[in-house]
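Written below as structure tokens is the structure these notes are about.
As the structure is a prediction and not an experimental result, all values here were calculated from the model. Within every chain, numbering begins at 1; the chains are lettered A, B, ... in the order of the sequence lines, protein sequences first and strands thereafter.
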Number of protein chains: 2
Amino acid sequence: MARKRGSHSDITGPKVREAARHLFARHGYAAVSMRQIAAEVGVQAGALYNYTPDKQSLLFDLMEEHLSELLTAFDGTADPSAPPPARLDHFVRHHIGFHMDRADQVFIAYMELRNLEPGNFARVEAMRRAYEDRLEAILQAGVGTGDFSVTDLRVTTMAVIALLTGVTNWYRKGGRLDLAEIEEIYLNLVRKAVAA
Amino acid sequence: MARKRGSHSDITGPKVREAARHLFARHGYAAVSMRQIAAEVGVQAGALYNYTPDKQSLLFDLMEEHLSELLTAFDGTADPSAPPPARLDHFVRHHIGFHMDRADQVFIAYMELRNLEPGNFARVEAMRRAYEDRLEAILQAGVGTGDFSVTDLRVTTMAVIALLTGVTNWYRKGGRLDLAEIEEIYLNLVRKAVAA
DNA sequence: GTCTATAGAGAGATAGAC
DNA sequence: GTCTATCTCTCTATAGAC
């Protein structure tokens with residue numbers, strides 16, 4: 001994927017990734033052919049191999065980029081010294097805001113794990129686990145201060161993430177609710193669910 | 001799929017469905033070949049076509065059966081005249097219990113929607129919506145009696161279902177928690193989340 | 001960097017013997 | 001009802017011209 005002089009690398013490269021993201025999310029990795037991706041980009045299938053060594057790398061790069069951005073964006077705005085309720089609010093707002101406009105990436109990150117080769121799978125799983133641990137640490141801190149009360153720390157962590165990620169199942173741009181309203185709905189649900 | 005005299009229909013038929021369910025869940029519909037299914041059943045690929053007209057029907061039948069069982073099982077045990085909190089408890093217990101041991105079916109029902117032909121997709125979506133409406137009715141009744149308080153009825157419905165279905169993301173048989181403990185954890189979360 | 005052409009493998013589905 | 005054999009199509013990936 002290195003750029004070469006006097007080429008269209010810097011235009012075609014991103015287009016290949018966008019086309020792959022869109023088509024993988026819509027039809028699934030296994031159901032999409034390199035020819036389909038090439039057609040959406042506007043080149044022949046063979047030309048794609050100037051930008052990716054193979055189809056699997058295309059998938060892995062999309063997932064890796066998504067989870068990397070998720071972690072970076074969270075860590076860049078989180079304040080670990082704030083009180084647990086404030087940290088929980090931040091997590092909820094961050095998760096909703098980040099996921100709402102990335103339906104394709106989220107879909108791929110959750111649905112195409114089984115199409116990753118073992119080594120790639122392990123790397124992606126480690127990143128996902130790291131993100132889950134961010135929330136678990138917040139909940140644990142809140143239990144310690146008496147702000148929160150949960151029956152089981154790990155299951156509650158998974159449940160809250162599943163609840164929040166569910167926003168991508170129904171949200172469509174231009175719908176009945178805007179970001180602020182959706183954040184409020186989910187904030188209320190999560191705050192109450194873990195309240196002491 | 002009609003049975004024929006003196007054959008192995010009644011043995012092979014279910015085995016075909018089981019093999020398809022297992023393989024579709026593990027590798028994805030598009031990534032699984034009819035030859036793989038045949039190999040798991042122990043027959044040659046051509047023999048599968050005695051039990052299904054094509055691969056698509058195999059997928060649709062699995063989804064349709066799953067959602068049909070889900071609705072039937074719920075309606076067979078629900079008591080619409082009970083107070084809303086009791087109805088909510090029943091929904092949670094039913095959903096957790098039904099989904100926990102059906103990881104394969106749930107995975108397929110959520111992941112392979114995009115591989116359904118349009119007509120089949122519409123039928124499956126209608127059944128899913130009908131199930132969601134069961135929970136929405138309970139929440140609405142509870143808001144009416146003052147037992148529950150939610151910011152948005154529809155979003156809360158989707159959020160609770162996403163939260164509960166998330167159990168299939170982490171639950172593995174023989175793990176740290178048994179059914180009763182898991183039910184309690186989720187019951188507490190949901191009760192608190194929608195409490196007045 | 002993109003093209004055409006193609007190698008080599010594997011797909012879904014069918015035909016006809018048994 | 002299952003088999004073998006095969007039709008026809010499509011796939012990923014590569015080679016070599018431009």
Side-chain angles (χ1 to χ4, degrees), chain A residues 1-24 26-62 108 112 114-120, chain B residues 1-24 26-62 108 112 114-120:
Chain A
M1 302 222 255
R3 295 182 188 173
K4 295 173 190 168
R5 290 178 300 133
S7 73
H8 296 149
S9 285
D10 44 359
I11 299 171
T12 308
K15 279 175 76 175
V16 169
R17 298 168 63 84
E18 278 165 40
R21 174 161 55 234
H22 176 236
L23 289 170
F24 287 169
R26 192 169 182 80
H27 305 291
Y29 173 76
V32 171
S33 71
M34 294 298 269
R35 281 176 180 77
Q36 280 176 276
I37 298 171
E40 181 135 325
V41 173
V43 297
Q44 291 301 310
L48 296 180
Y49 292 86
N50 291 317
Y51 302 98
T52 179
D54 51 30
K55 192 183 171 188
Q56 169 75 199
S57 299
L58 222 38
L59 176 62
F60 175 69
D61 288 349
L62 288 175
I108 292 171
E112 303 295 356
R114 59 194 169 181
N115 285 311
L116 288 175
E117 289 166 3
N120 290 340
Chain B
M1 301 216 257
R3 295 182 188 173
K4 294 172 191 168
R5 291 178 299 133
S7 74
H8 297 149
S9 285
D10 44 359
I11 299 172
T12 309
K15 279 175 75 176
V16 170
R17 297 168 64 84
E18 277 165 41
R21 173 162 56 235
H22 177 237
L23 289 169
F24 288 169
R26 190 169 183 80
H27 305 291
Y29 172 77
V32 171
S33 71
M34 294 298 269
R35 282 173 179 77
Q36 280 177 274
I37 298 171
E40 181 134 326
V41 172
V43 297
Q44 291 301 310
L48 296 180
Y49 292 88
N50 291 316
Y51 302 98
T52 180
D54 51 30
K55 191 183 171 188
Q56 169 75 199
S57 299
L58 222 38
L59 176 62
F60 173 69
D61 288 350
L62 288 175
I108 292 170
E112 303 295 356
R114 57 194 169 182
N115 285 310
L116 287 175
E117 290 166 4
N120 290 341

Practice problem: Among His27(B), Arg17(B), Glu40(B), find the residue that satisfies the side chain to side chain donor-acceptor pair (under 3.5 Å) test when tested with His22(B). | Solution: Glu40(B)
Quiz item: Atom CD of Gln36(B) to atom C1' of dA11(C): distance rounded to whole Å?
Solution: 11 Å
Self-check item: Asp61(A) side, atom CG; Thr52(A) side, atom OG1 - distance, nearest 0.5 Å
Solution: 6.5 Å
Self-check item: Annotated protein contacts, base or backbone, on nucleotides 13-18 of chain C with a non-hydrogen cut-off under 4.0 Å, one of B, S, - each
Solution: BB----
Quiz item: Does Gln44(A) put a side-chain nitrogen or oxygen below 4.0 Å from OP1 or OP2 of dT2(C)?
Solution: no
Quiz item: Given atom OH of Tyr51(B) and atom P of dG12(C), what is their separation to the nearest angstrom?
Solution: 19 Å
Quiz item: Atom NE2 of His27(B) to atom P of dA11(C): distance rounded to whole Å?
Solution: 12 Å
Quiz item: Judged by atom type as modelled, is there a donor-acceptor pair below 3.5 Å linking the side chain of Glu112(A) to the main-chain atoms of Leu59(A)?
Solution: no
Quiz item: Taking only residues two or more places apart in sequence or in another chain, which ones pass side chain to side chain contact (heavy atoms under 4.5 Å, CB included) with Glu18(B)?
Solution: Pro14(B), Arg21(B)
Quiz item: Is Ser33(B) near enough to dG10(C) that one of its side-chain N or O atoms lies under 4.0 angstrom from OP1 or OP2?
Solution: no
Quiz item: Distance from Lys55(A) atom NZ to Ile37(A) atom CD1, nearest 0.5 Å?
Solution: 6.5 Å
Exercise. To the nearest 0.5 Å, tell me how far Gln36(A) CD sits from Phe24(A) CZ.
Key: 10.0 Å
Quiz item: Looking for any heavy atom pair under 4.0 Å, which part of the strands does Val41(A) touch: base, sugar-phosphate only, or nothing?
Solution: nothing
